[in-house]
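Heavy atoms only: backbone and side chains are in, while hydrogens, waters and symmetry mates are out. Sequence lines set the chain letters: A, B, ... in the order given, protein chains first and strands last, and positions in each chain run from 1.
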Amino acid sequence: MQARTASSWTSATRCSCSPATAGSTRRASLLDLKRIRSDPDGVREKLRRKGEVTGLDRLIELDVRHREGLREIEGWRAQRNTRSREIAELLRREPDAAEAAKAEVRALGERLREREADLEAWRSEIEDLLLRLPNTPHESVPVGADAASNVVVRTWGDPPRRNFEVRPHWEVGVELGILDFERGAKLAGSGFVVLRGAGARLQRALIAFMLDHHRAAGFEEVSPPFVANRQAMRGSGQIPKMEADMYRVESEDLFLIPTGEVPVTALHADEILDEQRLPLRYVAYTPCFRLEAGAHGRDTRGLIRVHQFDKVEMVAFTRPEDSYAELEWLVSRAESVLQALALPYRVLLLSTGDMGANNAKQYDLEVWAPGVQRWLEVSSVSNFEDYQARRSGIRLRRRSGEATLAHTLNGSGLALPRTLIALLENGLGPDGSVVVPDVLRPYLGGLARIDPPQERT
RNA sequence: GGAGGGGUGGCCGAGUUGGCCUAAGGCGGCACCCUGCUAAGGUGUUACUCGGGCAACCGGGUCGCGGGUUCGAAUCCCGCCCCCUCCGCCA
């Protein structure tokens, strides 16, 4: 794979444009509208694979009406422009005639203003409907209503056979004194946890290891803001559909990021990238904040589902023709982390009904957790094709000079809490101690095992 | 938070007494020509986007964002965002 230097994109993409600020009205490109126009049945069929299709008929109807209005209004504008130019002439030769012409154009302007209000209403409804349409799934994605149609692509590693009961991490971690759920809940509520001592260090070691691991494969490490504005959220597809699941800083209209994908993808919003510098690959550590509004009562114990967690995220920007090869490569990079940690996992190709709304194709990596006796999703790797690029205005310049939408991808590499679960439950010994994987020991001053404390605090 | 300066096409950068700005020029890119040597030169071309059209092409919009004045706004007025300098405050 092509190695990049940290400075490779700066000259081409330095953002002299004002950053994507709230209040900007960059509209969703109507390119995908053209696709809907030219092949409404094909689009409808593909959207159906993901679930119920809403708003498509309304969208098509509005589009026809909007375009009719546009033709009318643009004709008037053309008239106004030519008449205005004539007035400049008349003012020099026949002032009286100029006054008459002014009155005429003024009337035209008023008519224009009325029609513009209608058009604007349609346009904004069209945009809203477009922003709510999910991405269409790739042909290679298995069609199915739910997780039952997911395909196990491969499995790696064998769960260690042990002659003692492997207890869940919330018992193991508490006994080791490295997980403190009670105090997390005390200071922030249920779903927040405090890592202590070797647990805190272990998490930090995991983050550092993963960043180094990906950096060695050619990713540029970035450390973005952990909040993002509405525009960035809309660009990556969190808004409008998932707004209710995010923490919001009301005074600033900012959101706590639900994933590093948001700020890192937004890095190149409203930019035209140089084709020859692609792919751009980034890796970022960020915390992630999720309200988990629809998940009350699910996975309430332990680290499986928490409101705040850490994650190392990979994000890639590619040419359209390269994105599916990139997807496979990103999956392999995420897998390589689990392999380095010697954790057994499987790779799932998600079905149309189970995958994310924004994705064209998605793989999940699930690690085996013997304590809770479950496969846990530690990574989700997705190709968004041009879905996010269209919303965000991420394009590339072809050698031919043409500007076209880029493809974006991302994948966890990995999510920390569930990785921690797997380490605790797979590395557990009969005495309650936990083995530290070889690759992490340099980050922990050589620590090879976490032992139960002599006395509890 | 206060004062001042600024935001123009992939990049740099002219343009603010409103009207051939239908945005100069340069860089970069692309095409061709010349040239025989790890180079340079010449000519042409090159913003994005929407609508109409098979197409050539025609028309609309876009000079940070939104609104206003006007027959007409990059240019004038108002609000907001961002960047820079100085002051204040502060990790």
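- Nucleic acid contact for A:Arg113: sugar-phosphate only, since backbone atoms but no base atoms lie under 4.0 Å from a heavy atom of the residue.
- The phosphate of B:rG52 (OP1 or OP2) has a side-chain N or O of A:Arg67 nearer than 4.0 angstrom.
- Using a 4.0 Å heavy-atom criterion, one finds that A:Ile87 contacts the bases of the nucleic acid, with or without backbone contacts as well.
- Between the side chains of A:Glu385 and A:Ser323, no donor-acceptor pair is found at a separation under 3.5 Å.
- The pairing partner recorded for B:rU43 is B:rA31, the criterion being a Watson-Crick or G-U wobble arrangement whose two distances lie under 3.5 angstrom.
- Phosphate contact (OP1/OP2 of B:rG51, side-chain N/O of A:Arg37, threshold under 4.0 Å): present.
- Between the C1' atoms of B:rC81 and B:rC12, the separation comes to 24 Å (whole Å).
- For RNA chain B, the residues of residues 75-83 of chain A within the heavy-atom distance limit of 4.0 Å (strictly under) are A:Arg77, A:Ala78, A:Arg80, A:Asn81, sorted by number.
- Within the model, atoms CE of A:Met233 and CD of A:Glu243 stand 9.5 Å from one another, a figure rounded to the nearest 0.5 Å.
- Comparing the P positions of B:rA73 and B:rG60 gives an interatomic distance of 13 Å, to the nearest angstrom.
- Here, B:rG67 and B:rC84 have their C1' atoms 27 Å apart, quoted to the whole Å.
- The side chain of A:Arg397 places an N or O atom within less than 4.0 Å of a non-bridging phosphate oxygen (OP1 or OP2) of B:rC48.
- B:rU85 is paired with B:rA3 under the Watson-Crick or G-U wobble criterion, all donor-acceptor distances under 3.5 Å.
- A salt bridge is defined here as a Lys NZ or Arg NE, NH1 or NH2 lying under 4.0 Å from an Asp or Glu carboxylate O, and A:Glu61 with A:Arg58 meets this definition.
- None of A:Leu414, A:Val312, A:Leu341 except one satisfies the side-chain contact (heavy atoms from CB on, under 4.5 Å) rule with A:Leu206; the exception is A:Leu341.
- For the C1' atoms, the distance linking B:rG15 with B:rG26 amounts to 15 Å, nearest Å.
- Remark: the separation of the C1' atoms in B:rG9 and B:rU22 is 15 Å, to the nearest Å.
- A salt bridge links A:Glu99 with A:Lys102: at least one charged nitrogen is closer than 4.0 Å to a carboxylate oxygen.
- Counting only heavy atoms from C-beta on, A:Arg399 has its side chain closest to B:rC30 among B:rG51, B:rC30, B:rG19.
- Here, B:rC82 and B:rC65 have their C1' atoms 10 Å apart, quoted to the whole Å.
- Between A:Tyr282 and A:His268, the two ring planes are tilted [angle within 30° to 60°].
- Using C1' as the reference atom, B:rU16 and B:rA91 are 42 Å apart when rounded to the nearest Å.
- For A:Arg395, taking side-chain heavy atoms from C-beta onward, the closest of the listed nucleotides B:rC71, B:rC50, B:rC48 is B:rC48.
- When rounded to the nearest whole Å, the span between CG of A:Leu108 and P of B:rG60 equals 13 Å.
- Every residue two or more places apart in sequence or in another chain that forms a ring-ring contact (aromatic ring centres under 6.0 Å, His included) with A:Phe192 is listed here: A:His307.
- Regarding A:Arg111, its CZ atom lies at a distance of 16 Å from the P atom of B:rC71, rounded to whole Å.
- Using atom P as the reference point in both B:rA24 and B:rA14, the two lie 14 Å apart (nearest Å).
- Contact annotation: A:Arg398 does not reach the phosphate of B:rC30 (side-chain N/O to OP1 or OP2, under 4.0 Å).
- Residues A:Ile73 and A:Asp63 both approach RNA chain B. Their nearest nucleotides, taken by heavy-atom distance, put A:Asp63 toward the 5′ side.
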Is there a side chain to side chain donor-acceptor pair (under 3.5 Å) between A:Glu402 and A:Thr404 once you walk through the steps?
-> CA-CA 6 Å; A:Glu402 178 200 11; A:Thr404 185; 4.8 Å; no
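- Rounded to an integer number of Å, the gap from CG of A:Asp270 to P of B:rU49 is 13 Å.
- Pairing for B:rC80 goes to B:rG64, judged as Watson-Crick or G-U wobble with the two contacts each under 3.5 Å.
- Remark: C1' of B:rG60 and CZ of A:Arg123 are 15 Å apart, rounded to the nearest angstrom.
- One can place CD of A:Glu402 at 17 Å from C1' of B:rU45, the figure rounded to the nearest angstrom.
- The residue among A:Arg106 and A:Arg71 whose nearest nucleotide of RNA chain B is located toward the 5' end is A:Arg71.
- The partner of B:rU17 cannot be assigned: no Watson-Crick or G-U wobble pair with both contacts below 3.5 Å exists in any strand.
- With sequence neighbours excluded, the residues satisfying side-chain contact (heavy atoms from CB on, under 4.5 Å) with A:Val143 are A:Arg49, A:Thr352.
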